[in-house]
Amino acid sequence: MAKNIIIGLLLVLLAGGGGYFYLGGMEGIQKWRETSDAEQSEGQPELRLYTIEKVLLTLPEAGQTRLHHGQLDVVLTSFDPQTVATLKKLDPLLRNIIVETFSDKTFDQLREMKNFNTLQKDLQSAFVVALARYKINLELVDVKISKMVLQ
């Protein structure tokens, strides 16, 4: 029984050592990892993110004159690197679109909201419509609200 265990361990060590020498030592292993990473990344485009941080909102309270404030971070995604560069240039316009989209929302509506999917779809539609008005064609994959603080 002990003899079988020793033989098994020797086989595992010999196989590992043979693989190590076959790949060319540590340099060969590193090259093998780099080529496998490159092969995986070639087939898939890289998802790029552009974050619009700290968009400030003034939110009325239904039936009262008291105002509340909100702060949003919105993330826009695209596979096109040129789109992200264009989004950086359009930051003031994008902030305005966000403020316009939230202008008809009240503090209570946002506070009681459990699912942001509808709100995110509204934002994406608003971006598409506003950018089309300015004849700007961008490949946006998705729009996500990454942070929302209400006071």
Side-chain angles (χ1 to χ4, degrees), residues 12-151:
V12 169
L13 288 173
L14 285 174
Y20 180 78
F21 286 112
Y22 175 76
L23 290 174
M26 286 304 290
E27 293 172 3
I29 291 173
Q30 186 65 27
K31 287 179 186 176
W32 177 74
R33 284 183 181 165
E34 289 172 2
T35 56
S36 66
D37 289 345
E39 288 172 359
Q40 288 178 354
S41 64
E42 283 178 15
Q44 301 173 355
E46 183 180 346
L47 183 66
R48 301 183 185 262
L49 306 175
Y50 179 69
T51 304
I52 305 168
E53 296 180 329
K54 298 181 181 175
V55 179
L56 300 176
L57 305 171
T58 302
L59 303 165
E61 191 169 337
Q64 296 186 10
T65 58
R66 182 176 180 197
L67 294 176
H68 292 273
H69 300 282
Q71 180 179 319
L72 290 177
D73 287 356
V74 177
V75 178
L76 307 173
T77 61
S78 177
F79 288 109
D80 180 21
Q82 197 62 32
T83 295
V84 174
T86 304
L87 290 172
K88 287 179 184 176
K89 294 176 187 173
L90 297 174
D91 190 82
L93 175 64
L94 299 173
R95 288 175 178 278
N96 181 263
I97 294 167
I98 295 168
V99 170
E100 284 179 0
T101 303
F102 280 86
S103 67
D104 64 340
K105 308 283 189 240
T106 66
F107 174 75
D108 293 328
Q109 286 174 325
L110 294 177
R111 187 181 62 186
E112 294 170 4
M113 190 171 286
K114 305 253 188 279
N115 187 350
F116 291 113
N117 288 338
T118 305
L119 196 54
Q120 291 171 153
K121 287 178 185 174
D122 290 347
L123 265 177
Q124 186 164 7
S125 297
F127 283 131
V128 169
V129 168
L131 293 173
R133 186 174 4 156
Y134 293 105
K135 297 182 179 155
I136 300 169
N137 187 17
L138 297 177
E139 296 178 27
L140 288 178
V141 174
D142 209 358
V143 175
K144 295 291 183 190
I145 297 173
S146 62
K147 179 170 68 172
M148 183 164 71
V149 178
L150 302 173
Q151 297 181 0

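Worth saying up front: this structure is predicted, and the values here are computed from it rather than measured. Along the sequence shown, residues carry numbers from 1.
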Verify the neighbour count for atom [atom1] of [X]: are there more than 12 heavy atoms of other residues, nucleotides or ligands below 6.0 Å?
{"X": "E112", "atom1": "CD", "value": "yes"}
{"X": "E100", "atom1": "CD", "value": "yes"}
{"X": "N137", "atom1": "CG", "value": "no"}

Are [X] and [Y] packed together at the side-chain level, in the sense that at least one heavy-atom pair is separated by less than 4.5 angstrom?
{"X": "V55", "Y": "F102", "answer": "no"}
{"X": "V75", "Y": "D142", "answer": "no"}
{"X": "L67", "Y": "F107", "answer": "no"}
{"X": "L138", "Y": "F127", "answer": "no"}
{"X": "H69", "Y": "L56", "answer": "no"}
{"X": "L94", "Y": "L76", "answer": "yes"}
{"X": "L140", "Y": "L87", "answer": "yes"}
{"X": "R95", "Y": "I52", "answer": "yes"}

[atom1] of [X] to [atom2] of [Y]: how many Å apart, nearest 0.5 Å?
{"X": "D122", "Y": "N117", "atom1": "CG", "atom2": "CG", "result": "11.0 Å"}
{"X": "L57", "Y": "I98", "atom1": "CG", "atom2": "CD1", "result": "8.5 Å"}
{"X": "N115", "Y": "M113", "atom1": "CG", "atom2": "CE", "result": "8.5 Å"}

S78 (side chain) donor-acceptor with E139 (main chain) under 3.5 angstrom: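 Answer holds: yes.
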
Which heavy atom of [X] sits nearest to which heavy atom of [Y], and what is that distance?
{"X": "G70", "Y": "L150", "result": "CA-CD2, 4.1 Å"}
{"X": "V149", "Y": "K147", "result": "CG2-CG, 4.1 Å"}
{"X": "Y50", "Y": "K88", "result": "CE1-CG, 3.3 Å"}

State which residue, out of D73, D91, V74, fulfils the side-chain contact (heavy atoms from CB on, under 4.5 Å) condition with E53.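 Exactly one candidate clears the test, D73.
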
